[in-house]
Amino acid sequence: MGAGESFAVVGAGIIGAAVARELTRRFPGAAVTVFEKEPRAAAHQTGHNSGVVHAGLYYEPGGLKARLCRRGVGLLRDLCTERALPYQACGKVVVALDAGEEARLEGIFERAVANGVPGVRLVGAGELREIEPNAVGRRALYSPETAIVDYARVTEALLDDARAAGGSVRFGTEVRAVAEAGASATVETAHGCERFDAVIACAGLQSDRLAARSGEEEGPAIVPFLGQYFVLEAAYREVVRGLVYPVPDPRYPFLGVHLTKRVDGEMTVGPNAFLSLSREGYAGLGLDVRDVASTLSFGGFWRFAAGNLATAAREVRTLASPARFIAEAGRYVPALAGARAVGASRGVRAQAMNRDGSLVDDFAIQRRGRITHIRNAPSPGATSSMAIAEHIVGSLALPA
């Protein structure tokens with residue numbers, strides 16, 4: 001492949017933007033078109049996340065998440081340096097409060113070492129207080145190079161690079177379906193069908209629907225989970241220096257409440273994780289009847305729900321009460337006692353789920369001929385975005 005080829009990218013979130021940029025770099029002179037149904041980039045998951053650059057602590061060594069996260073960190077840091085975008089290596093501690101959590105912490109440390117996370121180490125209670133004077137715990141894992149960025153600005157920079165190389169972005173243009181058509185691939189929109197040499201669909205919260213409309217397998221299905229963050233009042237902006245996380249509990253599918261610094265100087269606490277009534281609703285009840293019906297008609301959701309009643313009970317308490325949210329974080333940072341917070345814009349996570357109710361853990365990329373669908377790219381998807389793009393574009397091989 002070379003000059004003269006044409007490529008379509010569906011979605012102008014950070015992964016779609018990274019794929020578009022990578023296509024212009026790998027195939028100079030090729031025509032690259034990004035289709036985005038919203039009037040702007042990063043309108044959904046990318047623009048509603050915590051901004052954390054994950055170092056690669058938790059992921060199964062050898063899996064796509066582990067490999068692409070570590071590669072993605074370096075690419076992201078270099079881009080931010082080149083484009084003068086904020087990138088703060090503020091560090092992160094994962095804090096164990098009891099003996100059981102200490103044992104799980106050691107397992108996380110082993111994975112982190114296997115994944116090549118730089119500078120990671122286990123610290124005792126005394127050194128934890130040196131790193132984070134307001135944090136308490138029996139033991140902690142310290143990742144000094146975990147960082148924070150503004151992923152929406154990163155996305156814009158990626159698209160700027162793609163445009164500068166001749167690519168184009170069509171906002172307000174929803175893709176209905178993609179398909180192979182002989183020696184080309186088609187993209188169907190309200191304006192008709194267009195032909196390309198290859199299509200990469202990075203549709204996020206709508207990835208399963210686009211795949212199904214395009215004749216692919218319906219599973220895995222996307223089940224949306226909302227994550228509500230709260231912004232602490234100004235007096236608590238410096239309560240921690242970096243990020244303070246709990247040790248993941250294997251009984252629960254999501255991480256739990258943590259403290260996250262933002263590049264704008266705000267300090268957030270969150271998120272919870274609860275079933276969202278909409279795939280793209282970020283305020284209020286956010287009810288979308290179609291989305292609710294889609295979730296409730298999927299048998300895998302009911303199997304998941306049956307095994308996670310305790311999780312739901314825990315999460316709904318924090319959803320209904322910011323004070324409980326802060327109290328949960330206060331187990332790790334007692335100085336939060338009496339703090340007040342206001343709700344920030346929530347995020348909605350596109351969680352891929354199998355028919356048996358299990359969550360798809362690793363990145364899932366499905367390729368058939370000229371069509372590539374990203375079926376699952378949760379955290380650390382944003383961190384890994386440019387590495388995911390390398391992985392997809394580097395293995396493109398169009399049929400003769």
Side-chain angles (χ1 to χ4, degrees), residues 7 9-36 38-56 67-92 117-119 143-171 200 202 204 242-243 260-266 268 345 347 363 374 377 379-394:
F7 301 96
V9 179
V10 182
I14 193 169
I15 296 178
V19 168
R21 176 180 184 261
E22 186 65 19
L23 285 166
T24 64
R25 292 160 69 90
R26 290 290 182 101
F27 307 112
V32 177
T33 304
V34 180
F35 294 86
E36 170 54 55
E38 304 297 348
R40 66 187 190 283
H44 294 295
Q45 291 183 104
T46 302
H48 294 85
N49 68 21
S50 65
V52 175
V53 180
H54 294 281
R67 291 189 288 112
L68 299 184
C69 180
R70 286 303 317 146
R71 172 67 177 159
V73 170
L75 294 171
L76 181 58
R77 183 178 57 240
D78 291 347
L79 178 73
C80 289
T81 299
E82 292 166 8
R83 302 297 292 274
L85 297 173
Y87 184 100
Q88 298 178 24
C90 58
K92 167 181 173 177
V117 177
S143 172
E145 294 195 20
T146 293
I148 50 176
V149 296
D150 183 334
Y151 281 118
R153 291 181 63 183
V154 171
T155 302
E156 292 288 358
L158 293 168
L159 289 175
D160 285 347
D161 284 355
R163 290 189 188 99
S168 63
V169 184
R170 297 189 195 173
F171 291 114
I200 299 95
C202 314
L243 316 178
T260 306
K261 188 178 178 181
R262 294 194 324 205
V263 293
D264 63 3
E266 299 284 6
T268 67
S345 177
F363 298 146
I374 299 180
S379 179
T383 300
S384 310
S385 55
M386 282 183 277
I388 292 172
E390 282 186 342
H391 177 75
I392 290 173
V393 176

Exercise for the section: Measure the spacing between CG of L79 and CG of D161 and express it to the nearest 0.5 Å. Expected result: 6.5 Å

Exercise for the section: Using a 4.5 Å cut-off on heavy atoms from C-beta on, say whether the side chain of M386 contacts that of L158. Expected result: yes

Practice task
Determine whether V73 and T383 make a side-chain contact, defined as any pair of heavy atoms from C-beta on separated by less than 4.5 Å.
Solution key: yes

Completion exercise
Smallest heavy-atom separation, I388 atom then G381 atom, equals CD1-O, 4.0 Å

Practice task
Ignoring hydrogens and angles, tell me if any N or O in the side chain of R170 forms a donor-acceptor pair with the backbone of V34 under 3.5 Å.
Solution key: no

Exercise for the section: Without swapping roles, check the side chain of E38 against the backbone of R40 for a donor-acceptor pair under 3.5 Å. Expected result: no

Practice task
Determine whether T268 and S50 make a side-chain contact, defined as any pair of heavy atoms from C-beta on separated by less than 4.5 Å.
Solution key: no

Exercise for the section: Indicate yes or no for a side-chain donor-acceptor contact from E145 to the backbone of P118 under 3.5 Å, with no hydrogens or angles considered. Expected result: no

Problem - Minimum heavy-atom distance I374-C202, with the two atoms named - result: CD1-SG, 3.8 Å

Practice task
Hey, could you give me the CD/CZ distance between Q88 and R262, rounded to the nearest 0.5 Å?
Solution key: 12.0 Å

Practice task
Using atom types as modelled and distance alone, determine if a side-chain donor or acceptor of H48 lies under 3.5 Å from a backbone N or O of H44.
Solution key: yes

Fill in the blank from the handout: Heavy-atom nearest pair, A12 first then T155, reads O-CG2, 3.7 Å

Exercise for the section: May I ask you to test the V154-Y87 pair for a side-chain heavy-atom distance under 4.5 Å? Expected result: no

Problem - From CG (L23) to CD1 (I200), nearest 0.5 Å - result: 5.0 Å

Exercise for the section: For residues C80 and V149, report the shortest heavy-atom separation together with the two atoms involved. Expected result: SG-CG1, 4.2 Å

Problem - Heavy-atom side-chain contact between Y151 and L85 under 4.5 Å - result: no

Exercise for the section: Answer yes or no: is there a side-chain heavy-atom contact under 4.5 Å between V19 and E22? Expected result: no

Problem - Beyond-backbone contact of L243 with I148, side-chain heavy atoms, under 4.5 angstrom - result: yes

Problem - side-chain contact (heavy atoms from CB on, under 4.5 Å) evaluation trace for V52 with K92 - result: CA-CA 10 Å; V52 175; K92 167 181 173 177; 5.7 Å; no

Fill in the blank from the handout: Rounded to the nearest 0.5 angstrom, the CZ-OG1 distance for R163 and T24 is 12.0 Å

Practice task
Check step by step if side-chain contact (heavy atoms from CB on, under 4.5 Å) holds for R71 and H391.
Solution key: CA-CA 10 Å; R71 172 67 177 159; H391 177 75; over 6 Å; no

Problem - Heavy-atom closest pair, residues H54 and C69 - result: O-SG, 3.2 Å

Practice task
Find out whether V32 and F27 are in side-chain contact, i.e. whether some heavy atom of one side chain is under 4.5 Å from a heavy atom of the other.
Solution key: no

Practice task
Could you pull out the closest heavy-atom pair between A55 and V117, with the gap in Å?
Solution key: O-CG2, 3.4 Å

